[in-house]
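Read through the structure below, which is laid out as structure tokens, and then see the notes.
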Amino acid sequence: MKITLPDGSEKSFDTQVSAAAVAADIGAGLAKAAIGAKVDGELYDLNRPLPGDCSLAIITRPREDKKGKSKWPNGKPDADALYLLRHSCAHVMAEAICKLWPDTKLAYGPPLDNGFYYDISLDTPISSDDFEKIEAEMKKIVQEDRPFTRYDLDPDTGFPKLEKEGNKYKIDNAKRAFEQGASDLSWYVTGPIESIKSNGLDPLAKPPKVSHFEDLCQGPHAPNTGTIGAFKVMSIASSNWHGDVTSDRFQRVYGTAFFTQADLDEHLENLEQARQRDHRVIGPRLGLYTIDEQVGQGLVLWKPNGAVVRQELQNFIAEHLTRQGYKQVFTPHIGKLGLYKTSGHYPYYQESQYPALVSREQVQSLADEGCSCAQLSSQMEAGEIDGYLLKPMNCPHHIRIFASDKHSYRDLPIRLAEFGTVYRWEQSGELNGMMRVRGMTQDDAHLFCTEDQVADELQGCLELVKIVFNTLGMNDYRVRVGLRDPDSDKYVGEPEQWDKAESACITAAKSLGVPFSSEAGEGAFYGPKIDFVVKDVIGREWQLGTVQVDYQLPIRFDLSYTGADNQPHRPVMIHRAPFGSMERFIGVLIEHFNGAFPLWLSPQQMRVLPISDKFTDYAQEVTDKLKAAGFRVEVDANNERLNAKIKLAQEAKVPYMLVVGGKDKDAGTVSVRHRSEGDRGAVPVEAFIEAAMKERDGRELMES
RNA sequence: GCCAGCAUAGCUCAGUGGUAGAGCAGUUCUUUCGUAAAGAACAGGUCGCGAGUUCAAAUCUCGCUGCUGGCUCCA
């Protein structure tokens with residue numbers, strides 16, 4: 001067989017060899033460090049025979065630096081090496097759990113970007129108190145440094161073995177593997193293959209009792225349990241078979257693994273730091289928002305400081321909307337049920353809406369008729385009762401504004417914008433600080449245009465996103481273009497329209513100059529869309545904005561404009577909320593800036609700190625001048641030492657601290673301290689104001 | 001909604017069945033201070049809510065509410 005190595009060189013072998021043999025042939029050092037292989041782009045066990053002529057890259061364990069941290073060849077962790085390690089650790093954890101709770105049924109245990117999990121089913125639920133016990137068992141297995149040994153069985157032998165073991169999840173996994181083109185079933189034994197061979201390799205034989213663990217698994221794995229340098233059982237959650245809530249429920253046990261203890265420690269330290277950066281920690285601490293049990297779950301109360309950030313951001317966005325020819329509208333928070341029946345949102349999304357508000361007269365007449373709660377509920381379900389809905393989206397209201405006038409093709413596009421507040425009944429377990437709420441204000445707009453205008457309008461939407469993201473220094477976002485699934489018939493509209501709209505979306509996405517993915521089947525049923533996705537501090541992805549092309553609602557509401565031919569034509573709608581909601585966007589922003597907003601967004605932009613109360617008069621004089629220049633500024637006249645005032649201002653992330661004492665009073669200066677640069681020395685008041693105004697009005701980013 | 005965990009002063013937390021604790025914040029007084037916490041005194045709690053067990057419950061049991069992690073969902 002002919003093996004091509006990553007550097008392009010080739011090696012030939014007379015017999016079928018494994019990656020281990022190739023590594024040994026290259027050098028003893030490599031052989032020692034090798035833990036797996038990548039064969040034609042596919043991960044392989046180190047000792048698994050190579051399939052034939054192929055390209056081969058040896059995956060090695062990292063070296064260690066002086067502090068015991070992994071030292072990776074190209075500076076960043078090798079995802080493949082960690083994959084092998086974590087996948088293997090999932091098996092070790094599964095073995096430990098099976099030993100502690102013999103009735104455990106294993107379902108599925110894959111590696112993740114930052115660890116692994118195993119879905120298990122057992123009678124006695126595991127709790128976090130059990131983690132230590134599990135880790136102790138895992139430690140033993142790792143210390144025994146047992147090999148991971150793969151063996152394959154053909155389906156005729158493999159399926160009876162699985163049937164005998166009686167784990168329906170593994171049988172299901174095996175079936176799926178075959179559907180995906182597997183030719184054999186593979187098991188991984190955490191131990192020498194002799195533990196099987198001693199039974200004459202009879203897969204139906206009872207497995208030996210000593211240190212034997214095997215798991216149906218496609219692999220691959222690290223060569224030995226000892227490869228796992230450090231691990232930790234992290235958390236436990238509930239999950240369902242194939243993510244189907246109506247199907248069997250599992251306990252999902254999360255863990256993580258690293259090559260060294262120092263790596264694990266660093267990871268845990270990073271997690272702790274991320275927690276400190278969480279908007280749910282910083283937000284309340286900085287007085288930005290609160291959520292109150294008496295008001296309701298998922299209902300954000302914007303406190304004065306948060307309101308400033310939001311207002312500034314809205315002003316900024318509104319400024320650009322005006323520039324782009326948007327017209328501002330305002331619409332009420334409720335609308336009649338019929339509106340949402342026309343739009344199709346009710347009753348299809350009934351479960352994610354607040355229940356309808358039914359008129360007093362109607363409730364009374366129903367009561368007079370002796371209507372029971374059950375009847376009321378079923379009439380509501382059937383849509384026989386009229387009422388009002390807290391609006392779950394703004395589009396129907398905007399559509400009715402469009403429909404209130406007759407439009408010529410010359411008027412198009414019409415762009416209606418509103419910071420519109422909508423309400424959605426999200427499941428309680430999904431609520432999350434400002435990121436996932438039940439009442440939110442979208443930076444919403446609806447564009448009504450001709451089909452030919454769609455491409456330009458999409459460009460315009462993305463232009464706005466680009467401006468705002470650049471101004472805020474947010475470069476770390478992902479763009480997802482959702483297209484139709486060619487094999488599905490759930491989509492409405494003509495294929496030609498779709499082709500045009502899809503290519504317009506892709507062209508628009510390209511113009512952003514950031515990575516984007518086109519995902520078939522991710523489009524809305526009424527049209528393709530462009531979504532913006534960012535990660536929070538703990539790595540969770542949140543969709544911010546979306547831009548959607550819609551052919552459906554104009555039909556449902558029978559919208560039209562008069563064309564050059566004097567005939568009615570159907571407009572195309574574009575829904576766009578490029579930042580999603582103010583709640584989520586500012587939640588993301590809090591974490592992005594770690595609470596230290598740029599000057600223009602800071603709730604308090606400056607704080608004047610007199611060094612003693614002898615200088616409060618001068619401090620007030622300075623403050624008045626700053627206020628006259630439009631700054632949000634306060635004097636800290638408390639009876640405290642300067643150091644204490646500075647500490648408080650730093651903690652409040654106030655951009656500028658202006659220290660004033662005798663020297664400043666005499667010279668007409670302020671001693672400027674920048675929250676991240678520290679002491680900048682004395683500056684004449686007017687000069688400081690001028691520079692700060694430039695920084696504020698230019699919406700400059702303070703920290704690079 | 002589901003599984004596990006958590007809930008003690010405004011905040012961070014200690015308190016394993018026997019008189020509710022600390023630090024910070026707050027109030028008052030002293031101090032008048034030049035770049036990340038001056039000192040002292042005072043005040044502050046129905047231990048999330050409701051039942052139960054017990055001579056006795058912050059502590060044990062059950063239910064509820066809220067929060068955290070994950071699952072599912074996100075028009």
Side-chain angles (χ1 to χ4, degrees), chain A residues 112 117 119-121 125-131 234-247 249-254 271 275 278 280-281 284-285 290-294 296-298 340 343-346 348-353 392-396 422 424-433 435-438 440 442 524-526 529 531 538 540 542-543 546 548 550 552-553 575 577 580-581 584 609-616 638-651 657-664 671-675 677-682:
Chain A
L112 303 168
Y117 68 78
D119 277 349
I120 59 170
S121 165
I126 289 181
S127 103
S128 42
D129 294 340
D130 299 319
F131 290 178
M234 300 293 288
S235 64
I236 195 148
S238 155
S239 68
N240 294 85
W241 190 226
H242 300 312
D244 177 1
V245 287
T246 62
S247 185
R249 193 175 48 70
F250 301 116
Q251 282 201 299
R252 177 169 294 182
V253 187
Y254 283 87
L271 284 181
R275 264 192 279 278
D278 193 310
R280 289 166 300 181
V281 174
R285 189 186 291 157
T290 186
I291 293 176
D292 186 274
E293 209 177 308
Q294 291 190 42
Q297 284 184 291
Y340 300 99
S343 72
H345 291 111
Y346 187 91
Y348 300 112
Y349 298 108
Q350 215 183 128
E351 277 176 15
S352 49
Q353 294 164 5
M393 74 287 303
N394 301 300
C395 22
V422 299
R424 297 176 187 184
W425 188 260
E426 306 289 359
Q427 294 190 73
S428 60
E430 295 164 341
L431 298 171
N432 184 285
M435 298 296 201
R436 192 78 183 267
V437 295
R438 284 184 172 165
M440 70 187 108
Q442 297 178 317
F525 71 93
Y526 49 73
K529 59 177 186 165
D531 295 329
I538 48 179
R540 288 183 291 214
W542 296 97
Q543 180 184 320
T546 180
Q548 307 184 354
D550 181 1
Q552 179 67 2
L553 284 181
H575 307 248
S581 72
R584 185 175 288 181
L609 312 179
I611 61 170
S612 84
D613 48 8
K614 281 186 203 157
F615 307 106
T616 41
N638 285 314
N639 179 12
E640 285 291 350
R641 284 157 198 252
L642 180 61
N643 278 351
K645 294 183 181 187
I646 287 175
K647 179 165 190 292
L648 285 177
Q650 286 286 156
E651 281 174 350
M657 286 148 271
L658 306 176
V659 176
V660 293
K663 291 177 227 163
D664 295 289
S671 295
V672 178
R673 180 188 166 96
H674 184 273
R675 71 173 168 216
E677 290 168 19
D679 193 356
R680 280 187 185 172

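Bear in mind that the values here come from a model prediction, so they are computed numbers and not experimental data. In the text below, chain A, chain B and the rest are named by the order of the sequence lines, each starting its count at 1. The basis for the numbers below is simple: all heavy atoms, side chains too, and nothing from hydrogens, waters or symmetry mates.
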Rounded to whole angstrom units, what separation is found between the [atom1] atom of [X] and the [atom2] atom of [N]?
X	N	atom1	atom2	result
A:Asn638	B:U27	CG	C1'	12 Å
A:Lys663	B:U35	NZ	P	8 Å
A:Arg275	B:G70	CZ	C1'	14 Å
A:Met657	B:A36	CE	P	10 Å
A:Leu271	B:G70	CG	C1'	14 Å

Nearest to the side chain of [X], heavy atoms from C-beta on, is which of [options]?
X	options	answer
A:Tyr254	B:A75, B:U35, B:G70	B:G70
A:Gln353	B:C73, B:A75, B:C2	B:A75
A:Arg424	B:G1, B:G34, B:A75	B:A75
A:Gln650	B:G1, B:A36, B:A75	B:A36
A:Arg540	B:C74, B:G70, B:G34	B:G70

Going by purine N1 to pyrimidine N3 plus the second Watson-Crick contact, or the G-U wobble pair, all under 3.5 Å, which nucleotide sits opposite [N]?
N	answer
B:U72	none
B:G44	none
B:C49	B:G63
B:G10	B:C24
B:C33	none

For nucleotides 64-66 of chain B, tabulate all protein N/O to nucleotide N/O atom pairs closer than 3.5 Å, reporting atom names and distance.
{"residue": "B:U65", "atom": "O2'", "partner": "A:Glu293", "partner atom": "OE2", "Å": "3.0"}
{"residue": "B:G66", "atom": "OP1", "partner": "A:Gln297", "partner atom": "OE1", "Å": "3.1"}

#### Entry: Sugar-phosphate only, base, or nothing, as touched by A:Asp613 at under 4.0 Å among non-hydrogen atoms
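Base contact.
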
### Task
Can you spot which of A:Asp550, A:Asn394, A:Thr546 makes a side-chain contact (heavy atoms from CB on, under 4.5 Å) with A:His575?
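Answer after filtering A:Asp550, A:Asn394, A:Thr546: A:Asp550.
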
#### Entry: Salt bridge flag under 4.0 Å for residues A:Arg252 and A:Asp119
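Looking at A:Arg252 and A:Asp119, the cut-off is met.
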
### Query
So, A:Glu430 and A:Arg436, do they make that salt bridge, N to O below 4.0 Å?
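Yes, A:Glu430 and A:Arg436 are salt-bridged.
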
For nucleotides 38-42 of chain B, which of its nitrogen or oxygen atoms have a protein nitrogen or oxygen under 3.5 Å away, and what is each distance?
{"residue": "B:A38", "atom": "O4'", "partner": "A:Arg641", "partner atom": "NE", "Å": "3.0"}
{"residue": "B:A38", "atom": "N9", "partner": "A:Arg641", "partner atom": "NE", "Å": "3.3"}

### Task
Quick one: list whatever passes side-chain contact (heavy atoms from CB on, under 4.5 Å) with A:Thr290, sequence neighbours left out.
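Partners of A:Thr290 under the side-chain contact (heavy atoms from CB on, under 4.5 Å) test: A:Leu301, A:Lys303.
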
